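Here the structure is a predicted model, which means the values were calculated and not measured.
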Amino acid sequence: MTSYATLEAEAQARHLTIAGGFHPKEDDKVPAGCRTLLLLGPHEPGFWQAFTASPERHADQPDPMDRWSRRVITELGHAVNATALFPFGGPPYLPFFSWATRTGRVHASPIMLLVHDTAGLFVSFRGALALSEHIALPDAPPSPCLTCADQPCRSACPVGALDGNGYDVPACKSFLGTDAGQDCMGNGCRARRVCPVSRAYPRLAEQSAFHMSAFKG
């Protein structure tokens with residue numbers, strides 16, 4: 001039987017990590033026969049360097065990170081006898097948000113963005129693996145927000161786009177086009193950056209800038 005440690009080693013060999021997993025129930029909308037679903041995110045440090053050195057990054061084609069993810073996670077799926085799944089390529093889209101919260105390692109933050117026990121508000125998912133085996137999973141820690149007394153994410157957004165009730169995307173994108181918004185464009189969302197868990201996560205500013213540019217369009 002495949003172990004969690006073996007699967008994590010295979011993921012890390014490809015600059016990915018298991019960001020959480022769960023054993024599906026009938027209403028989880030996973031592929032038929034799936035007994036364990038594992039979400040995959042960047043393994044830091046090293047993910048960004050691996051991506052920037054990849055052929056996808058240097059090809060003159062759209063969505064290079066999605067294409068990198070599809071190639072690498074499909075190869076990983078073949079290696080561990082699992083089905084590769086992705087949060088892009090729709091519509092329709094797979095329910096990665098609800099899958100994330102099912103892992104117990106991802107929670108709603110005070111500003112309603114997802115927060116992870118090690119990646120903080122920088123959590124992201126490049127794909128998932130659906131396995132036909134029942135893999136024993138480690139216990140999930142509690143939400144880091146429960147012990148975050150100051151909760152700086154609540155007041156960090158310069159334009160109040162994240163108020164805990166929703167995300168004012170138009171206000172955010174408008175701000176990113178101003179001179180004042182270049183800090184967020186070049187270093188990543190300020191609300192995500194001030195999270196104490198995010199600050200300890202070794203994600204490079206260049207990667208945040210890449211995602212901000214894609215978000216702004």
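No donor-acceptor pair under 3.5 Å is formed between the side chain of S174 and the backbone N or O of A171. H58 places a side-chain N or O within donor-acceptor distance of the main-chain N or O of T52, the cut-off being under 3.5 Å. In this structure, the side chain of S198 does not engage the main chain of R193 through any donor-acceptor pair within 3.5 Å. Judged by distance alone, with hydrogens and angles left aside, the side-chain atoms of E8 form a donor-acceptor pair with the main-chain N or O of I18 at under 3.5 Å. Within the 3.5 Å criterion, the main-chain N or O of K25 finds a donor-acceptor partner in the side chain of D28. One N or O on the side chain of H107 and one on the backbone of G104 form a donor-acceptor pair closer than 3.5 Å. Counting only distance, with no hydrogens or angles, the side chain of T17 and the backbone of P42 share no donor-acceptor pair below 3.5 Å.
Residues V197 and D117 have side chains not in contact (no heavy-atom distance under 4.5 Å, counting atoms from C-beta outward). L76 is listed as a side-chain neighbour of L40, based on a closest heavy-atom distance under 4.5 Å. Between F51 and P64 there is a side-chain heavy-atom pair separated by less than 4.5 Å. Contact of the C145 side chain with the S109 side chain is registered, since non-hydrogen atoms from C-beta on lie closer than 4.5 Å. When side chains are defined from C-beta on, E56 counts as touching R71, because their heavy atoms get closer than 4.5 Å. Within the 4.5 Å cutoff, the side chain of N187 has no heavy atoms near those of the M212 side chain. For the pair C34 and L131, the minimum side-chain heavy-atom distance is 4.5 Å or more.
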**Item:** Test log, rule salt bridge (charged side-chain N to carboxylate O under 4.0 Å, His left out), inputs R35 and E133
**Value:** CA-CA 6 Å; R35 299 182 64 200; E133 294 182 60; over 6 Å; no
**Request:** Before giving the answer on ring pair (Phe, Tyr, Trp, His ring centres under 6.0 Å), spell out for Y93 and F88 the whole-Å C-alpha distance, their side-chain angles and the decisive distance to 0.1 Å.
**Result:** CA-CA 7 Å; Y93 294 97; F88 47 82; 9.2 Å; no
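Using a 4.5 Å cut-off between side-chain heavy atoms of Ile, Leu, Val, Met, Phe, Trp and Tyr, F97 falls into a hydrophobic cluster with F22, V30, L37, L39, L85, L94, F96, W99, V106, L114, V123, F125.
Between the side chains of S98 and T101, no donor-acceptor pair of N or O atoms lies under 3.5 Å. Residues H116 and T118 bring a donor and an acceptor atom of their side chains to less than 3.5 Å of each other.
For D163, the CG atom is densely surrounded, since the number of other residues' heavy atoms within 6.0 Å is greater than 12.
From L129, atom CG reaches atom CG of N81 across 11.0 Å, with rounding to the nearest 0.5 Å. To the nearest 0.5 Å, atom SG of residue C157 and atom CZ of residue R190 are 8.5 Å apart. In this structure, CG in L113 is found 8.0 Å from SG in C153, a value given to the nearest 0.5 Å.
Stacking of R203 on the aromatic ring of F122 is recorded, both the 6.0 Å distance cut-off and the 45° axial limit being met.
A perpendicular orientation is assigned to the rings of W68 and F47, their planes being inclined by more than 60° (bins at 30° and 60°).
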